[in-house]
Number of protein chains: 2
Amino acid sequence: MHSRSPASRTGRPRSAAADAAILAATREALVDLGWSKLTLGDVATRAGVAKTTLYRRWAGKNELVVDAVAELFDALELPDRGSLAADIEGVVLQFAAILALPEAKSGLMAVVAEATRDDALRERVRASVVDRQKRLVLEGRARAQARGELPPEPDPGAAARTADLIFDMVAGAVVHRTLVSGQPVDEEWVRGFTQVLLRGLTAQSTRPVAG
Amino acid sequence: MHSRSPASRTGRPRSAAADAAILAATREALVDLGWSKLTLGDVATRAGVAKTTLYRRWAGKNELVVDAVAELFDALELPDRGSLAADIEGVVLQFAAILALPEAKSGLMAVVAEATRDDALRERVRASVVDRQKRLVLEGRARAQARGELPPEPDPGAAARTADLIFDMVAGAVVHRTLVSGQPVDEEWVRGFTQVLLRGLTAQSTRPVAG
DNA sequence: GGCTTTCGCTACGAGTCGTAGCGTAATGCC
DNA sequence: GGCATTACGCTACGACTCGTAGCGAAAGCC
């Protein structure tokens, strides 16, 4: 999006160290102050840069926090644990661990709330945060279909809709549990969740999913 | 919580009309301005009351918006549609319709974000908004167990955990679909969601749930 | 009428916002 | 080395919002 695709234009280049310091300072301020009391002036002071430098790179608080929080989700991976249930449990626990961080808690939902009235911000969140999570769903699903644990979906449209549905169910449940209910996503909860997701509510809840 | 449980103490009583006007003005301001640009001064002007009156009744923006948004969820009901699947679909569509309102969209998530750092606010959200939704889960579940559609759960502890799980899955998926993915919760999506919730991902997605 | 509480209004200091202006620093090109 | 160009740090600024204090008037109960 930025017009610096060519190797580097003339003039003094932007300091990459400043970028990293600003984003780290933003997360630190999120922990100390939370979203509402976070000010760009304070972030600039913490990062050791001038306030004007912040405004030269980010349009405002929303965009800055999106970038700061997005980095937290870089750690998400999908290790092969042998079964779909184990894969889901592993990824959900990872996701929940990130969401439980105070810098993610206070920043992410606030930005999502702002994004309901700002299409550009919503797109930024989608590209920086959501798509990175959704990719795990696509990979895990393909892996499970290759294992024969999930029925194949030849129609690409239906496959995309199902992937979106799974993504909203998984991410939504974890986010709701963490931020709205305020309860921990521990192993017991994850087992129950995976059970329902794979077998449904109508199954006996004590029957193991791997059968 | 307020110390006005006795019929009415001495002195001039608070105007109930002012309360209603303020909450309505808050929702109106949420639609026009969104959470971040909403100011209590503006709400007071819209409601035709003095700014000081607002501060006498609510501690701040957070508490005011919680009360304003909570009223939107009064309309939630659980009509008996004959089967668990139909009950779920009906309630989810109701919930989604409320969440799609701009005053709910912009306000609810912002308040939840703030509640991650404010235990009193979290409790207020729980009592005003969340419990009202969770009650529907409890009723619907009991009804389905009476019908024989869900296995009974004799252990009260396990029953409570399962109810919490269902609630986080239902509400979380709808909220995530609406606010994060930014996609509509239409009948097609609700059918797919109910299918997965009741039968699980491993079931053939085209097989009807009612068998 | 007297007591108590609420209401509308005005005014205020404190804090934040986002920007403008200026001199300096760092790079690419010649 | 010199020049153009861009980024940086710093200061200052008007505009806005916040939450509160103080006042006189209004609306109830005894």
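Proteins get letters first, then strands, A, B, ... in listed order; numbering begins at 1 in each. Computed from a prediction, not measured in an experiment: that's the story for all the values here.
- Straight-line distance from the OH atom of B/Tyr55 to the C1' atom of C/dG8: 16 Å, rounded to whole Å.
- The side chain of A/Thr52 places no N or O atom within less than 4.0 Å of a non-bridging phosphate oxygen (OP1 or OP2) of D/dC8.
- Shown here are the salt bridge (charged side-chain N to carboxylate O under 4.0 Å, His left out) partners of B/Arg12, two or more places apart in sequence or in another chain: there are none.
- Residue A/Ser15 is in sugar-phosphate contact alone, with no base atom involved, counting any heavy-atom pair closer than 4.0 Å across all strands shown.
- Residues B/Gly48 and B/Lys51 both approach DNA chain C. Their nearest nucleotides, taken by heavy-atom distance, put B/Gly48 toward the 5′ side.
- Between atom CG of residue A/Leu72 and atom CG of residue A/Leu30 there is a gap of 9.0 Å, rounded to the nearest 0.5 Å.
- Distances were taken from every side-chain heavy atom of B/Pro13 (C-beta onward) to each of D/dG28, C/dT6, D/dC18; the shortest belongs to D/dG28.
- In terms of the side-chain hydrogen bond (donor to acceptor under 3.5 Å, both in side chains) criterion, residue partners of B/Lys134 (sequence neighbours excluded) are, by chain and number, B/Asp164.
- If you take CZ of A/Arg57 and C1' of C/dG18, they are 18 Å apart, rounded to a whole angstrom.
- Not counting sequence neighbours, A/Arg122 has no partner by the salt bridge (charged side-chain N to carboxylate O under 4.0 Å, His left out) test.
- Listed by first and then second residue, the salt bridge (Lys or Arg N to Asp or Glu O under 4.0 Å) pairs that reach into residues 100-109 of chain A come to none, sequence neighbours excluded.
- A side chain to side chain donor-acceptor pair (under 3.5 Å) check over residues 165-175 of chain A, counting only residues at least two apart or in different chains, returns the pairs A/Asp168-B/His176, A/Asp168-B/Ser181.
- Of the two residues contacting DNA chain C, namely B/Ala18 and B/Gly11, the nearest-nucleotide position lying further toward the 5' end is that of B/Gly11.
- Side-chain contact check for B/Val92 versus B/Thr194: every heavy-atom pair is 4.5 Å or farther apart.
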Side-chain donor-acceptor distances from residues 137-146 of chain B under 3.5 Å, at least two apart:
residue, atom, partner, partner atom, Å
B/Glu139, OE2, B/Arg135, NH1, 3.3
B/Arg141, NH1, B/Ala159, O, 3.4
B/Arg141, NH2, B/Glu153, OE1, 3.0
B/Arg143, NH1, B/Pro79, O, 3.4
B/Arg143, NH1, B/Asp87, OD2, 3.2
B/Arg143, NH2, B/Leu78, O, 3.2
B/Gln145, NE2, B/Pro151, O, 3.3

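- For the salt bridge (Lys or Arg N to Asp or Glu O under 4.0 Å) condition, no pair includes a residue of residues 107-119 of chain A, sequence neighbours left out.
- Within residues 58-68 of chain A, no residue approaches DNA chain C, by heavy-atom distance under 4.0 Å.
- Legend: residues meeting ring pair (Phe, Tyr, Trp, His ring centres under 6.0 Å) with A/Trp58, ordered by chain and number and at least two apart, are absent.
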Can you name the atoms? Protein N/O to nucleotides 22-25 of chain C N/O, anything below 3.5 Å, with the distance.
residue, atom, partner, partner atom, Å
C/dA25, N3, A/Arg12, NH1, 3.2

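- Residues passing the salt bridge (charged side-chain N to carboxylate O under 4.0 Å, His left out) test with A/Glu77, sequence neighbours excluded: none.
- Rounding to whole angstrom units, CG of residue A/Leu54 and P of D/dC10 are separated by 13 Å.
- Of the residues in residues 28-42 of chain B, those lying under 4.0 Å from DNA chain D by heavy-atom distance are B/Thr39, B/Leu40, B/Gly41.
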